[in-house]
Asker: 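This structure is in structure tokens; I'll ask about it shortly.
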Amino acid sequence: MTDTTARPIKELDHVVIRFAGDSGDGMQLTGDRFTSASAVFGNDLSTMPDFPAEIRAPAGTLAGVSAFQVNISDHDILTPGDEPDVLVAMNPAALKANVGDLPRGGTLIVNSDTFDERSLTKAGYAASPLGDGSLDAFTVYEVPMTSLTIEATKEAGAKPRDAERSKNFFALGLLTWMYTRPEEPTLQWITERFASKPVVAASNTLAFKAGHAFGETAELFSNAYEVRPADLAPGEYTSITGNVALAWGLIAAAHLAKLPLFLGSYPITPASDILHELSKHKNFGVRTLQAEDEIAGVGAALGAAFGGQLACTTTSGPGVDLKAETIGLAISLELPLLIIDIQRGGPSTGLPTKTEQSDLLLAMYGRHGESPLPIVAAKTPSHCFETAIEAARIALKYRTPVILLSDGYLANGSEPWKLPNAEELADISVPFATEPNHEGEFWPYLRDPETLARPWAIPGTPGLEHRVGGIEKAEGTGNISYDPANHEAMTHIRAAKVAGIAKELPGVEVDHEDGADLLVLGWGSTYGAIGAAVRRVRARGQKVASAHLVHLNPFPLDLGEVLSRYRQVLIPEMNLGQLSRLIRAEFLVDAKSLTKVQGQPFRASEIENKILEMVSA
Amino acid sequence: MTDVSVPVTTKKDWSSDQEVRWCPGCGDYSILTAVQMLMPELGVRRENTVFVSGIGCAARLPYYMNTYGMHGIHGRAPAIATGLAVTRPDLDVWVITGDGDALSIGGNHLIHALRRNVNLTILLFNNQIYGLTKGQYSPTSEVGKVTKSTPFGSVDTPFNPISLALGAEATFVARTHDMDRKHMMETFRRAHAHKGAAFVEIYQNCNVFNDGAFEQITGRENRASQLIPLVHGEPIRFGAEQEMGVRLDGQGRAQIVRVADVGEEHILVHDEAREEPGLAFTLSRLARGPHEPTPIGVFRAVERPDYGAALQQQLVEAQERKGPGDLKALLSSGATWQV
């Protein structure tokens, strides 16, 4: 037995690991556990799951490959990494689908047991790539994970076919050793998670320990690696995904608004986890309704809003299409309502499990008639928390539906989050109307002159009985009105109300550098990639500035002035240039667009290259 | 039980100041009057009453009630009302809809509100035509109906709204018609008192686009021989002399018979509280359309927990089990670490 203390430990500042296997191989779980252990160890991290839309695509095929990438670091990082340093491939298909991303000199760990003729054929290999020289550019470790797992788990008493399923824990144990992660969090998690299945718990524990021991004893690995804890701001941290942060943000918003929370929702990828999370927290008074369809989800939310709830609906692009008519009604009724769109690749069913930012113009214009509404977008997984509160704040204060844009990358990606102090979050409550407001009568459309918001009088309030509806209303009384001048006035008022929100928004935060004449402007989940690209460009001694928009409608008041300070503006987006169009139309700025619609987030290098091309032009 | 603190009101108190704008002679007027006359008798407060509607002629009714109200979008009233009713169990929520609104564009929401048993009183104004869009056939129009959109006659099989509601697990299902205010008021009173989703089909005359659609059964001189009143616990009989009745034949089919021919003891006794909906369904199929003897009254009235109350119960239990929500505890409920 080798004495591990004698082995050299090499320090790394960061490492990007991609776990890839069949969708039944438990790669998401493996990646998630590795992440948790790293988080507890104090690394900064960023993750990106990538899985097929099919629950179980045919085993062993390229279509069925599921992957999870994690970037762990000893400094603050912004993305899950462009390319993996290490690729763990559990079968030939996983190798074939991912090896193209592994840079020369990268480390490749394969489960050699799976490289039989049948699996190779399924993956489309004529001959095994192990040993044919095609992988010579990499450091390849062939580990017979399946047979080692079956051997190691014998004493747990599982049948060989079941025992084999623990091989992902073998891989996890191996990587845990290689990167000097603590074992305890994972062992404890296995015990808790599989408490009701003692044989499975024992098998997974044995496989994990066997993987760890294999790394320790085998001659394959000349070095163990260590990524030191990151230098993060002091405080209490948790690892959080965008969807959980969003759900918690909604609960917090309801708490800060002193209102009960209602969610009407229909299951849809990648938004369903918000419904799942919120339905757990009934002790907060949260009511969730799994509606019969997307339209009923938003309809019920609107009914709840009329009744005085903080009401929301969660969905993805196809659901927003279906909800459009009800959102229009909410604009006409001027009631607070949150529409949360976890964007995915489109059009139509598109790429349900892949990310895209292509619903901005849908959010902006996707309704008939002149129907403006405020739009906010989250930029990182944890930022979904405060964005949910901001969306609720605007909706309540201005009595308007608000669309919150997140996307599949933020929804499923995770990062360490320094917990906010719950007691320091600002109150966002607004009063209900309780008294007549016009000569002893109640006029439901008599507005606050400052915000242009109408009074929110909820059923149950004596003396304020009134009717609202989708037909145009007379300003003030709210009675049905077909008067031409009134309709024009109301159309302008609805637009002015939304535009007026800009007056209270903070100015654009610009990460400026003296001498920079290029501004990179982003929104949503490109935040990390843009930030990383800007750092790299600066590291090369070039000047560049960047800014990221959270409020997309209305824009911050000073945005036009900020844009005018730069000779060039670059807008990277995971669509064909939607923010770019809005900016060009609004400010007559010749913004350049960098687009990507591959269902995958930008790599920092892609944005870096574009910036370098523009600054040197 | 009537709340004695509820102020005494009259029909006028329940009428809004808005001018009623249906076509002169429309059956909607008599339904509105029945509703406005009933409200003072229910012992409820105006501020706790909400009328929610979709789109169509019937859907204008909320504007004429001096209560809270929402005129929504086409077909979606049951969904909107669901959100209101489950979050505000203190309110009386009424849904006003029509045959196109409830059974065509909004069919999905109607059946799901019924199966969930949301605490709503749903009044479906069935005039077997599209009125607001000026005369196209509806999902309850008879086969062969000639309209603007079916110049050669409709080839669509219509829905029977009572059968549909029973099939959707509705706990309260009734039918009434716009020519009999007393029957309407009694039916609405029963529907309002029902805990859960109450569904009432109202035969309503559209005198502009489908005049006389129900005349053969609701006309004053036809009613005795053509309307079959369903009365809980009573033999199902009708006719000027109560000479006609309904019995089940050997195959379990309902058939109309002369009481004298079969003997009174063979006349079916109506049981609206029967758990199994099959018999109510059979009665709903007795008439093939409003041109032959047709049952009116309460087909079914059974008890089942209503959705809002069941959801509320889960909230109460969760708070008892976990204590009231604590935001600080929630935020640190995952694995946390100190830096």
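Within every chain, numbering begins at 1; the chains are lettered A, B, ... in the order of the sequence lines, protein sequences first and strands thereafter.
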Asker: Non-hydrogen atoms of chain B under 4.5 Å away: do they reach the side chain of A/P260, the backbone, both or neither?
Answerer: neither
Asker: Can you tell me how far CG of A/L261 sits from OG1 of B/T87, rounded to the nearest 0.5 angstrom?
Answerer: 11.0 Å
Asker: Could you have a look at A/I251, A/L333, A/L329, A/N421 and say which one has the most heavy-atom pairs with chain B under 4.5 angstrom?
Answerer: A/L329
Asker: Please classify the contact between A/L419 and chain B as side chain, backbone, both or neither, with a heavy-atom cut-off of under 4.5 Å.
Answerer: side chain
Asker: Taking every heavy-atom pair that is under 4.5 Å apart, which of A/G470, A/G328, A/G460 has the most such pairs with chain B?
Answerer: A/G460
Asker: In terms of heavy-atom proximity below 4.5 Å to chain A, should B/L315 be classed as side chain, backbone, both, or neither?
Answerer: both
Asker: Could you tell me which portion of A/V286 (side chain, backbone, both or neither) has an atom closer than 4.5 angstrom to a non-hydrogen atom of chain B?
Answerer: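 For A/V286, the contact with chain B is made by the backbone alone.
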Asker: Tell me the closest heavy-atom pair linking B/R21 and A/Y482, and the distance in Å.
Answerer: NH1-CE1, 4.2 Å
Asker: For A/P185, which atoms come within 4.5 Å of any heavy atom of chain B: side chain, backbone, both, or neither?
Answerer: neither
Asker: Quick check: under 4.5 Å, non-hydrogen atoms only, which of residues 106-119 of chain B neighbour chain A?
Answerer: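 The stretch touches chain A at B/N108, B/H109, B/H112, B/R116.
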Asker: Write out, in numerical order, the residues from residues 88-97 of chain B with a heavy atom short of 4.5 Å from a heavy atom in chain A.
Answerer: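 Interface residues of residues 88-97 of chain B: B/R88, B/L91.
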Asker: Does B/F159 CZ have over 12 foreign heavy atoms under 6.0 Å away?
Answerer: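 At most 12 heavy atoms, drawn from other residues, nucleotides or ligands, come within 6.0 Å of this atom.
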Asker: Heavy-atom cut-off 4.5 Å, strictly under: side chain, backbone, both or neither for A/W189 against chain B?
Answerer: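 Contact with chain B is absent: no heavy atom of A/W189 under 4.5 Å.
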Asker: Do you know which two heavy atoms are closest between A/A296 and B/A79, and how far apart they sit?
Answerer: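 So the two residues come closest at CA-CB, 3.7 Å.
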Asker: Tell me which of these, A/F385, A/F262, A/Y237, has more heavy-atom pairs under 4.5 Å with chain B than the rest.
Answerer: A/Y237
Asker: Counting only heavy atoms not in A/H368, do more than 12 fall under 6.0 Å of its NE2?
Answerer: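 Not buried by this count: 12 neighbours or fewer within 6.0 Å.
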Asker: Is any side-chain heavy atom of A/R467 closer than 4.5 Å to a side-chain heavy atom of B/N66?
Answerer: yes
Asker: Where does A/S332 contact chain B at under 4.5 Å (heavy atoms): side chain, backbone, both or neither?
Answerer: neither
Asker: Does a side-chain heavy-atom distance below 4.5 Å link B/Y63 with A/I471?
Answerer: yes
Asker: Return the CZ to CD distance between B/F51 and A/E465, rounded to the nearest 0.5 Å.
Answerer: 12.5 Å
Asker: Report yes if some heavy atom in the side chain of B/E47 is under 4.5 Å from a heavy atom in the side chain of A/T461; otherwise report no.
Answerer: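 Of all side-chain heavy-atom pairs linking A/T461 with B/E47, none is under 4.5 Å.
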Asker: In terms of heavy-atom proximity below 4.5 Å to chain A, should B/V52 be classed as side chain, backbone, both, or neither?
Answerer: neither
Asker: Looking at A/G307 and B/L84, what are the two nearest heavy atoms and their distance?
Answerer: CA-CD1, 3.5 Å
Asker: For a quick test of reading the model, state the closest non-hydrogen atom pair linking B/Y68 to A/I458 and the distance between them.
Answerer: OH-O, 3.3 Å
Asker: Heavy-atom pairs under 4.5 Å with chain B are the metric here; pick the option from A/A301, A/A39, A/A311 that has the most.
Answerer: A/A39
Asker: Please classify the contact of B/Y307 with chain A as side chain, backbone, both or neither, using a heavy-atom distance under 4.5 Å.
Answerer: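 For B/Y307, the side chain is the part near chain A, not the backbone.
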Asker: In chain order, what residues pass the ring pair (Phe, Tyr, Trp, His ring centres under 6.0 Å) check against B/H194, with sequence neighbours excluded?
Answerer: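 With sequence neighbours excluded, B/H194 shows a ring pair (Phe, Tyr, Trp, His ring centres under 6.0 Å) to B/F172, given in chain and number order.
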Asker: Tell me, side chain or backbone of A/L289 under 4.5 Å from chain B's heavy atoms, or both, or neither?
Answerer: both
Asker: Chain B: which of A/E292, A/H255, A/E236, A/K282 shares the most heavy-atom pairs with it under 4.5 Å?
Answerer: A/E292
Asker: Chain A: which of B/T49, B/L311, B/I55 shares the most heavy-atom pairs with it under 4.5 Å?
Answerer: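 If we count pairs closer than 4.5 Å to chain A, B/L311 comes out on top.
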Asker: If you check every heavy atom in residues 318-338 of chain B against those of chain A, which residues fall under 4.5 Å?
Answerer: B/A318, B/Q319, B/K322, B/G323, B/P324, B/G325, B/D326, B/L327, B/K328, B/L330, B/L331, B/S332, B/S333, B/G334, B/A335, B/T336, B/W337, B/Q338
Asker: Considering only heavy atoms, which portion of A/A233 lies under 4.5 Å from any heavy atom of chain B: side chain, backbone, both, or neither?
Answerer: backbone
Asker: Between A/T288, A/T326, A/I240, A/L464, which residue shows the highest count of heavy-atom pairs closer than 4.5 Å to chain B?
Answerer: A/L464
Asker: Contact part of A/S36 toward chain B, heavy-atom cut-off under 4.5 Å: side chain, backbone, both or neither?
Answerer: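 Neither; nothing under 4.5 Å.
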